[in-house]
Structure formats: C-alpha cells, structure tokens
Amino acid sequence: MNRSFLLVLICLVGCTTPSASRSPEPLQQPPDTGGIPGRGNRSPYIVFGQLYEVMPSSLGYLEIGLASWYGKKFHGRLTSNGEKFDMHAISAAHKALPLPTIVRVTNLDNGQKVVVRVNDRGPFHDDRVIDLSYEAAVQLGFADKGVAPVVVEALDELNYPDLVQGPVEHESFYLQVGAFSRLEGAKALQADLKGVIEFTEFRDVDVRILQSELDQEIILHKVWLGPIKTEAERDELATLVEASELGIPLRVKVE
C-alpha cells in the first residue's frame, strides 16, 4: 500500500461482508500543451440532450467520486482537444475541467495514485466523475473492474505555475462510515448522516455512496463523508457520527 495513503481503521459498521468540490475562482485557463488550442473548451455543450458547462478554472478543484476507464473501442480516435487517444498512454476525460488539466487520481480501495492529463470529455454518466485511459486504470489497479472510488485533485502548481509558486501540500481527509452489499442500506445511512450534519458546521460536507467491485458478482456500496478540510475537523465529525450512534467511522487521509 502506498505509504502516503493512511488508513486508520477504528471499526466498520453496517457492513455485510468512494462529490464535494471547492468552487474555483474564475481565472485564466491553463496553458494548452497539445492538441488544438481552445478545442474542447466550448461552453456550454450538449451531449445526449444534456447541457454541460466547462469550469472557468481548475484552481482548487478537488472531488471524490467514481472513476471508470475506456480503451480499445476509442483507441486511435480524436479526443475533444484534437489529440489521438492512446489507450496505452496515461490520459483522462472529464465533463467540466478545462482542457488540458493535470490531475492526481487516488484509488480509495488500494491507495494507488497516478498523475494524468485530462484531454477529453466524459464520462457522461451522472455517477462517475472521471474516465481514465486503460493504462491509467492499470496503474490504479482496477483495469479488471468497471469502476473504482477515487479522489481527483487538480495540481495547481502544474496547471498555473505563474500563479502558484513553491511547494504545495496535497492532503485531504475523509470518513467511511459503512459498507453494504445492498444499496438500500447505504441510502438509509446516507440519509441519517445528512440529517445529523444538516444544522452543524459540517452541513456542506458531502455524503456520497461509492461502489467498490470486489469481483464480478460482489459490489460494496460505501458511504463516504468528505472531503473534510483538516484532520482535526475530520476527527470532530467522526465524534459527532459516533455520538449519533451511526457507527465508528474509518478515518482516511489522502496526501
């Protein structure tokens, strides 16, 4: 397991056996480093009858959600910014990030991480946050599965070197409160957690249900809280969850 991926297991509850975003400020687009300048950043755009808007900036972007991957079917086709898609190279697609944007993706199931360059649009599924090339999925350890719970973070120091100078600490905090084989159980816990934090300082912390595929037949529905700004706030929120008798959460740090 990656040493920078710290899991402190207290207890897992409701277990039958990972979006929250920091709103970016409207700043300049990151420099184009390939493809056709400006291509793929038209906003808004429509896919399958749904309207999507491109973010004005990726600065401060951080999100937890599901990653999927794409490969042979699209190999050799043009990406949204005019490059040829290579399933054996490391790249990614995102519905809203400016093209190109460099992000770090961490697999919450195993702690493996990869830095990828977003140069395409997708995935056009409401429950998925990023679509990775086959090679990126291999490096994250889920190429034999359909999806994986991930944290996606824009690397501001690479995307905006003129604005962000010096070393940047990348760390975020999460709580996994339960894991269920049945989606209904996860939804019930999600509703309870939202009720607990609704009138507290943690009301803006997202409560997500993320899938982990153990094999082709077994899927766990995990209930995640986060990202949470600091380790102290994460521990305070964990105490609140415990006091509400919703279990003793798994504490997660990604850095």
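Numbering of residues begins at 1 and proceeds along the displayed sequence. Excluded from the calculations below are hydrogen atoms, water molecules and symmetry mates; all remaining heavy atoms, backbone and side chain alike, are included.
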Open item on the list: Are the side chains of Glu236 and Phe202 in contact, using a 4.5 Å heavy-atom criterion?
Closed with: yes
Task: Heavy-atom closest contact (Ser181 atom, His221 atom, distance) - done: O-CD2, 3.5 Å
Open item on the list: Return the CG to OG distance between Asn110 and Ser212, rounded to the nearest 0.5 Å.
Closed with: 9.5 Å
Task: Expected output: side-chain Gln211 to main-chain Ile219 donor-acceptor under 3.5 Å - done: no
Open item on the list: Let me check something: do Ile130 and Val138 share a hydrophobic cluster, defined by ILVMFWY side-chain heavy atoms less than 4.5 Å apart, either directly or through other members?
Closed with: yes
Task: Under 3.5 Å donor-acceptor, Asp206 side chain and Gly226 backbone - done: no
TODO: Consider only side-chain heavy atoms of I, L, V, M, F, W and Y, link residues closer than 4.5 Å, and tell whether Leu51 and Phe48 are in one cluster.
DONE: no
Task: Exercise: identify the closest heavy-atom pair between Ala136 and Val114 - done: O-CG1, 4.4 Å
Open item on the list: For Val241 and Leu225: C-alpha separation, side-chain torsions, deciding distance, then whether side-chain contact (heavy atoms from CB on, under 4.5 Å) applies.
Closed with: CA-CA 10 Å; Val241 172; Leu225 284 163; 4.0 Å; yes
Task: Closest contact, heavy atoms only, Ala143 versus Tyr134 - done: CB-CE1, 3.9 Å
Open item on the list: A side-chain contact here means heavy atoms from C-beta on lying under 4.5 Å apart; do Phe142 and Asp109 qualify?
Closed with: no
Task: Side-chain heavy-atom pair Tyr174, Pro227 within 4.5 angstrom cut-off - done: yes
- [ ] Give, for atom CG of Leu155 and atom OG of Ser58, the distance between the pair rounded to the nearest 0.5 Å.
- [x] 9.0 Å
Open item on the list: So, taking the atom named OH in Tyr45 and the one named CD in Glu53, what distance separates them when rounded to the nearest 0.5 Å?
Closed with: 10.0 Å
Open item on the list: If you define the side chain from C-beta out and look only at heavy atoms, does anything of Leu108 sit under 4.5 Å from Trp224?
Closed with: yes
Open item on the list: Under 3.5 Å, is there a donor on one side chain and an acceptor on the other for Arg121 and Asn41?
Closed with: yes
Task: By side chain to side chain donor-acceptor pair (under 3.5 Å) - contacts of Asp86 (at least two apart) - done: none
- [ ] Give a yes or no on this: more than 12 heavy atoms of other residues, nucleotides or ligands lie within 6.0 Å of atom CD of Glu245.
- [x] no
Open item on the list: Hydrophobic clusters here meaning ILVMFWY residues chained together by side-chain heavy-atom distances under 4.5 Å, can you tell me if Val116 and Phe74 are in one?
Closed with: yes
- [ ] Examine distances only and state if a side-chain atom of Asn119 and a backbone atom of Asn81 form a donor-acceptor pair shorter than 3.5 Å.
- [x] no
Task: Rounded distance (nearest 0.5 Å) linking atom CD of Glu213 with atom CD1 of Ile218 - done: 11.5 Å
Task: Residues in side chain to side chain donor-acceptor pair (under 3.5 Å) contact with Tyr70, at least two apart in sequence or another chain - done: Asp120
Task: Joint hydrophobic cluster, Leu193 plus Leu240, side-chain heavy atoms closer than 4.5 Å - done: yes
Task: Closest approach of Val177 to Leu246 (non-hydrogen atoms, all atoms of both residues) - done: CG1-O, 3.7 Å
Task: Leu132 and Leu140, any side-chain heavy atoms less than 4.5 Å apart - done: yes
TODO: Could you list all the side chain to side chain donor-acceptor pair (under 3.5 Å) pairs where at least one residue sits in residues 137-149, not counting sequence neighbours?
DONE: Glu135-Gln139
- [ ] For Gly71 and Phe85, work out which heavy atoms get closest and say how close.
- [x] O-CE2, 3.5 Å
Task: Pairs satisfying ring-ring contact (aromatic ring centres under 6.0 Å, His included), at least one member in residues 98-124, at least two apart - done: Tyr52-Phe124
TODO: Answer yes when Arg234 and Glu231 have at least one side-chain N-carboxylate O distance shorter than 4.0 Å, and no when they do not.
DONE: yes
Task: Gap between atom OG1 of Thr106 and atom CD of Glu255 - 0.5 Å precision - done: 10.0 Å
- [ ] Go through Val254 and Arg104 one step at a time and tell me if the side-chain contact (heavy atoms from CB on, under 4.5 Å) criterion holds.
- [x] CA-CA 11 Å; Val254 176; Arg104 184 187 64 177; 4.1 Å; yes
Task: Whether Asn159 side chain and Leu59 backbone form a donor-acceptor pair below 3.5 Å - done: no
Task: side-chain contact (heavy atoms from CB on, under 4.5 Å) assessment of Leu175 paired with Arg251 - done: CA-CA 5 Å; Leu175 294 173; Arg251 291 166 165 82; 3.8 Å; yes
Task: N/O donor-acceptor pair under 3.5 Å between Gln190 side chain and Val207 backbone - done: yes
- [ ] Nearest 0.5 Å please: distance from the CD1 atom of Ile209 over to the CG atom of Asp127.
- [x] 11.0 Å
TODO: Evaluate side-chain contact (heavy atoms from CB on, under 4.5 Å) for Lys84 paired with Leu78, printing each intermediate quantity in order.
DONE: CA-CA 4 Å; Lys84 278 191 177 182; Leu78 292 182; 4.0 Å; yes
TODO: Using atom types as modelled and distance alone, determine if a side-chain donor or acceptor of Ser80 lies under 3.5 Å from a backbone N or O of Gly40.
DONE: no
Open item on the list: Contact between Leu237 and Ile228 at the side-chain level, heavy atoms closer than 4.5 Å - yes or no?
Closed with: yes
Task: side chain to side chain donor-acceptor pair (under 3.5 Å) partners of His170, counting only residues at least two apart - done: Glu153, Glu157
Donor-acceptor pairs are to be reported for all side-chain atoms of residues 87-95 against protein atoms at under 3.5 Å, with residues two or more places apart or in another chain.
from, atom 1, to, atom 2, distance (Å)
His94, ND1, Ala96, N, 2.9
His94, ND1, Leu97, N, 3.0
His94, NE2, Tyr61, OH, 3.0
Lys95, NZ, Pro123, O, 3.0
Lys95, NZ, Arg128, O, 2.7

